[in-house]
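Inspection log for the structure reproduced underneath, given as structure tokens.
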Amino acid sequence: MRIVLDTSVLVSASRSRQGASFALMSMLPNPRFEFALSVALYTEWQEVLTRPEHLPPGLQREDVLAYLHYLTSIAHLQDVYYLWRPFLRDPDDDVVLECAVASNSQYLVTHNIQDFQRIVELGVMPITPASFLAFLRSSS
């Protein structure tokens with residue numbers, strides 16, 4: 001099964017080791033699912049996660065870039081040939097949507113379910129990290 005990870009999941013995982021986002025990121029790579037990543041989504045991850053307010057304590061920008069490089073090495077790299085813009089209220093969310101649709105992802109894992117409700121029309125289900133983990137546990 002293929003999924004897309006919204007930037008909100010990576011930000012949440014970097015802030016706390018207690019939540020579902022960190023648990024999900026700690027499972028990577030995983031034989032039960034793969035995550036898709038486009039150039040535009042990677043660029044957003046890089047821009048957001050290297051902001052000073054998002055840097056985990058004790059880590060530098062270079063540490064975050066190394067982690068993102070690792071994620072790229074285990075991701076399903078997806079080319080996006082068709083842009084759906086504007087489709088969602090937030091233009092930054094459209095790059096996440098485009099990756100999900102282009103990669104035929106089943107789920108878009110996000111903390112911002114409300115922002116992604118329209119993607120159901122395109123065959124992608126928005127789901128929280130906690131719900132996705134529960135789904136994985138129930139289907140094993």
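For this chain, numbers begin at 1 and follow the sequence in order.
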Taking all heavy atoms of [X] and all of [Y], pick out the closest pair and write down the distance.
| X | Y | value |
| --- | --- | --- |
| F35 | L71 | CZ-O, 3.3 Å |
| S38 | V80 | CB-CG2, 3.9 Å |
| I3 | V109 | CD1-CG2, 3.9 Å |
| M25 | A13 | CG-CB, 3.7 Å |
| H69 | Y42 | N-OH, 4.3 Å |
| I113 | P126 | CD1-C, 3.6 Å |

- Task: Please test L136 against M27 for side chain to side chain contact (heavy atoms under 4.5 Å, CB included), starting from the C-alpha separation and ending with a verdict.
- Result: CA-CA 11 Å; L136 288 175; M27 295 172 69; 3.8 Å; yes
To the nearest 0.5 Å, how far apart are [atom1] in [X] and [atom2] in [Y]?
| X | Y | atom1 | atom2 | result |
| --- | --- | --- | --- | --- |
| D94 | R89 | CG | CZ | 12.0 Å |
| L41 | D6 | CG | CG | 7.5 Å |
| D93 | T110 | CG | OG1 | 7.0 Å |
| L24 | S12 | CG | OG | 10.5 Å |
| E47 | H54 | CD | NE2 | 8.5 Å |
| S21 | R15 | OG | CZ | 11.0 Å |

- S139-R32 side chain donor-acceptor pair, cut-off 3.5 Å: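 Per modelled atom types, S139 and R32 side chains form a pair under 3.5 Å.
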- Task: Report yes or no: do E44 and T7 form a side-chain donor-acceptor pair below 3.5 Å?
- Result: yes
- Derivation and outcome, side chain to side chain contact (heavy atoms under 4.5 Å, CB included), residues Q60 and L55: CA-CA 7 Å; Q60 302 296 317; L55 289 176; 5.8 Å; no
Would you check if the side chain of [X] reaches a backbone N or O of [Y] as a donor-acceptor pair within less than 3.5 Å?
| X | Y | answer |
| --- | --- | --- |
| S131 | I127 | no |
| S16 | Q18 | yes |
| R2 | S103 | yes |

[X] and [Y]: same hydrophobic cluster, using ILVMFWY side-chain contacts below 4.5 Å?
| X | Y | value |
| --- | --- | --- |
| L97 | V120 | yes |
| F22 | I74 | no |
| L122 | V96 | yes |
| M1 | I119 | yes |
| L49 | Y70 | yes |

- Item | R51, CZ: over 12 other non-hydrogen atoms inside 6.0 angstrom |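 Enclosed: over 12 neighbouring heavy atoms sit under 6.0 Å from CZ of R51.
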- Do L65 and Q46 come close enough that some side-chain heavy atom pair is under 4.5 Å? yes
- Worked verdict on W45 versus L37 for side chain to side chain contact (heavy atoms under 4.5 Å, CB included): CA-CA 10 Å; W45 284 4; L37 184 60; 3.7 Å; yes
- Is the ring centre of F132 less than 6.0 Å from the ring centre of F33?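 Centroid distance F132-F33: below 6.0 Å, so yes.
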